[in-house]
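Worksheet for the structure shown next.
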Amino acid sequence: MPVLDREPDRKLMRFSCSSVGQALPKLPVPALGDTLDLYLRTLRPLLTEEQYQETLKIVTTFGAPGGLGELLQRRLLERSENRANWVYDYWLNDMYLANRMALPINSSPVMVFPPQHFRAPIDSLRFAAHLISGMLEYKSLLDTRSLPLDYARGQLAGTPLCMEQYYRLFTSYRLPGPQRDTLVAQQSSVMPEPEHIIVACRNQFFVMDVVINFRRLNERDLLTQLDRISKMADSEEERLPPIGLLTSDGRTEWAESRRVLMKESTNRDALDMIERCLCLVCLDQSSGLDLTDTSRAKLMLHGGGGAKNGGNRWYDKPMQFVIGSDGCCGVVCEHSAFEGIVLVQCTEYLLKYMRGSPSKLVRAASVSELPAPRRLRWKCTPEIHKHLSSSEDKLNRQVRNLDMDVHKFHEYGKEFIKKQKMSPDAYIQVALQLAYYKCHGRLVSTYESASIRRFQEGRVENIRSATAEALGFVRAMADLKSKKMERLRAAINAQTKYTVLAITGKAIDNHLLGLREIAQDLKLEKPEIFKDTAFLISNQFILSTSQVPTTVDMFCCYGPVVPDGYGACYNPQSDHVLFCVSSFRDSPQTCSEEFVQILERGLLEMRDLCVRHNADTNGNPSGKADERPSGNYKEETLERPVQSQAYFNIVQILVSLMMLLCNHSTK
């Protein structure tokens, strides 16, 4: 679940990562009573009355004076005094490192670039060389601590944000473990040792130095090396098994396969080169598919399985740049190192770099003094071949099971929503609640990621969008006598208020996690509140959502986090909203296409509701929005809002009808 609060403002100033981080406040520990009260409020829309009353007793006992809750709260406060961020390690372990699911689809989000139109094989290599050059330029900003500082936008705009996540883009690695993974972060320096990337081509892995004798390779040299690698990968005599498939397996299974690989020194050397590289560049073969938005999203998430490019990956690396010979390009992100905004900022920099400095390369050098790239060798025992077969089979099943629908909603975008004095993000979240309710007749636990980078080492908190007010609105939409507009504004207000709680460190998920983990640290029996059915229901995020806005033509997507759930990533633009909805085919309860169709109908109903309300307010037939704010709305851009075309069409129809009536009355 990629995490975005709002796209940050960026100010050109040099800074020391540590000095900026230390200047930020520490993440607060919310008051125990506040968290328990809010926890109960979030449960109301999800539980039966009988379930709620049972949970109320459990929560009351936990929070009683002198009770277990107060003991754990005191210990959590002590922990907060001795750490920069009291929840960071707990959260990282719970969200990622202890999760045993396979990374593709389940954990690793992707950015999908606009389709490229390569006329010849050399064109894709030229694109790759240009991208690598941009990546090295971006890395130089990191190495010299010259990256512009992020400031928050949207709610509570102007706050400086923690930048530490950026420095893990090219220096970290997720090491698999039998029970828990480890996030390994190397220390970068201003004058690094000779550096390399790993180029994957035809499921083979090659070491390509990008700094030689302290000189960064230019694009011509990069293209020369990529061309060499492409020719080396074509050699069938030297082709080795697709070891990258092992990294697509469950984390415990991959840890076991890696343990077997490590028995051979050849394999240890190869693993070391991959784990220490800056990033991967995956030169994919053509998939043979019609490259729609949906098909490109699926290919980026899983590579098409073992028969296509599924083995042309190494999922433990944070950044994998994919360049397909058919023009399917993007980035695969290992999510434990950083959040979605960091991925967006880096990839937007690269695409703008490539657009702003067009490649002048004509052809690769025919003769070069550069040392040849090195093919990584593997020694594969029968046991490894067995693991490879199992990993490929599981990946292929995941490929068949993924149900993805990328849909561009054209009727209106965020500018129409702003004209209603509503937060676009809150509005879309309420629309997602309406869609799920229309599909299933109930609300479910919903996760919307919110950045807490306002604090030292801040990562994310959860905005729980399934509020009592959202339930009131979605029920009202089916009731002809209900005051729907009042319900809509109440739902958006509730969503916005919870967003502010989340980004200021006062929401419930991190706090409850800290209390649970403190109890475990103290070797206490798990408190009843965390064994309660309501807690389990509340943490089954059937709707996993995230707003990932971009300023260039690309989009983000990811898979569901539970078997019967949806992943819903959205990218609001001025006159449209792009939705990427995912689910699993083997669940009889989900269908991405149906969800998208119902979501679109709900968005149209919400627009019509707003237009009718505006026309009725103060006898205003023009449909102009009233000036009463909803959800403490604040402009999120410096641009003047522009009304959507669909909205103008409706207004024009209303005006025409009034003119006809006036003409008729004068006859």
Side-chain angles (χ1 to χ4, degrees), residues 38 40-49 51-52 409 411-412 414 416-448 463-499 537-538 542-543 545 566 568 570 572 577 579 594-620 623-633 646-647 650 654:
L38 185 54
L40 288 170
R41 289 208 301 275
T42 65
L43 290 174
R44 265 291 191 188
L46 308 178
L47 304 179
T48 66
E49 183 60 26
Q51 287 174 322
Y52 179 80
F409 177 74
E411 297 302 319
Y412 61 93
K414 63 183 179 181
F416 169 78
I417 303 170
K418 289 178 181 180
K419 281 292 186 182
Q420 315 313 308
K421 301 299 177 183
M422 297 175 182
S423 158
D425 181 64
Y427 183 100
I428 294 170
Q429 281 291 324
V430 172
L432 289 168
Q433 296 300 313
L434 177 61
Y436 194 90
Y437 186 83
K438 283 174 173 285
C439 286
H440 301 281
R442 64 191 177 101
L443 295 191
V444 290
S445 190
T446 303
Y447 188 104
E448 185 194 3
I463 304 169
R464 290 184 168 267
S465 305
T467 62
E469 292 82 359
L471 181 59
F473 168 69
V474 300
R475 285 175 172 169
M477 289 298 281
D479 182 355
L480 295 176
K481 297 181 180 180
S482 178
K483 296 181 178 179
K484 298 180 177 63
M485 196 65 192
E486 288 183 15
R487 296 285 192 178
L488 174 58
R489 290 196 182 278
I492 288 175
N493 272 319
Q495 178 72 17
T496 307
K497 287 176 182 176
Y498 204 110
T499 298
I537 291 172
S538 129
I542 292 175
L543 267 180
T545 72
Y566 289 101
Y570 51 96
V577 184
F579 290 96
E594 181 181 349
F595 187 88
V596 164
Q597 290 172 353
I598 293 174
L599 173 62
E600 179 162 16
R601 289 205 296 270
L603 285 164
L604 293 174
E605 290 173 9
M606 290 169 68
R607 178 200 62 186
D608 294 345
L609 174 63
C610 292
V611 171
R612 286 196 304 270
H613 174 77
N614 295 337
D616 292 342
T617 301
N618 300 323
N620 175 15
K624 182 180 178 182
D626 65 24
E627 299 304 314
R628 292 175 297 174
S630 178
N632 299 319
Y633 168 71
Y647 182 80
I650 292 169
L654 290 170

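Residue numbers start at 1 and run along the sequence shown.
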Stepwise side-chain contact (heavy atoms from CB on, under 4.5 Å) test for L604 and E411:
CA-CA 8 Å; L604 293 174; E411 297 302 319; 3.4 Å; yes

Ignoring hydrogens, what is the shortest heavy-atom contact between [X] and [Y]? Give both atom names and the distance.
| X | Y | result |
| --- | --- | --- |
| K484 | F473 | O-CD1, 3.9 Å |
| V474 | L434 | CG1-CA, 3.5 Å |
| L488 | L609 | CD2-CD2, 4.1 Å |
| Q420 | R489 | O-NH1, 3.6 Å |
| I492 | A426 | CG2-CB, 3.9 Å |
| Q429 | S465 | OE1-OG, 2.7 Å |

Answer yes or no: is there an ion pair linking K438 with E605, defined by an N-O contact shorter than 4.0 Å?
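The answer is yes: the pair qualifies as a salt bridge.
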
Evaluate side-chain contact (heavy atoms from CB on, under 4.5 Å) for L432 paired with T446, printing each intermediate quantity in order.
CA-CA 10 Å; L432 289 168; T446 303; over 6 Å; no

Quick one: pull up [atom1] in [X] and [atom2] in [Y] and give me the separation to the nearest 0.5 Å.
| X | Y | atom1 | atom2 | value |
| --- | --- | --- | --- | --- |
| H440 | L543 | NE2 | CG | 8.0 Å |
| M606 | Y427 | CE | OH | 4.5 Å |
| E600 | Q597 | CD | CD | 8.5 Å |

S538 side chain reached by R464 side chain, heavy atoms, under 4.5 Å
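Answer yes - side chains close enough.
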
Got F409 and L599 here, is their nearest side-chain heavy-atom distance under 4.5 Å?
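They are not in contact (no side-chain heavy atoms under 4.5 Å apart), so the answer is no.
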
Checking ring pair (Phe, Tyr, Trp, His ring centres under 6.0 Å) between F595 and each of Y566, F579, Y437, which is the one that passes?
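Option passing the ring pair (Phe, Tyr, Trp, His ring centres under 6.0 Å) with F595: Y566.
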
Trace of the side-chain contact (heavy atoms from CB on, under 4.5 Å) decision for D425 with E448:
CA-CA 10 Å; D425 181 64; E448 185 194 3; 2.7 Å; yes

Does the R487 side chain pair with the main chain of M477, one donor and one acceptor, at a distance under 3.5 Å?
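Such a contact is absent between R487 side chain and M477 backbone.
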
Side-chain donor-acceptor pair under 3.5 Å between Q433 and Q495, yes or no?
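Judged by distance alone, the side chains do not pair up.
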
Using distance only, find each side-chain donor-acceptor pair of residues 40-49 under 3.5 Å and give its atom names and separation, not counting sequence neighbours.
from: T42; atom 1: OG1; to: Y39; atom 2: O; distance (Å): 2.7
from: R44; atom 1: NH1; to: E49; atom 2: OE1; distance (Å): 2.8
from: T48; atom 1: OG1; to: Q51; atom 2: N; distance (Å): 3.1
from: T48; atom 1: OG1; to: Q51; atom 2: OE1; distance (Å): 3.3
from: E49; atom 1: OE2; to: Q53; atom 2: NE2; distance (Å): 2.6

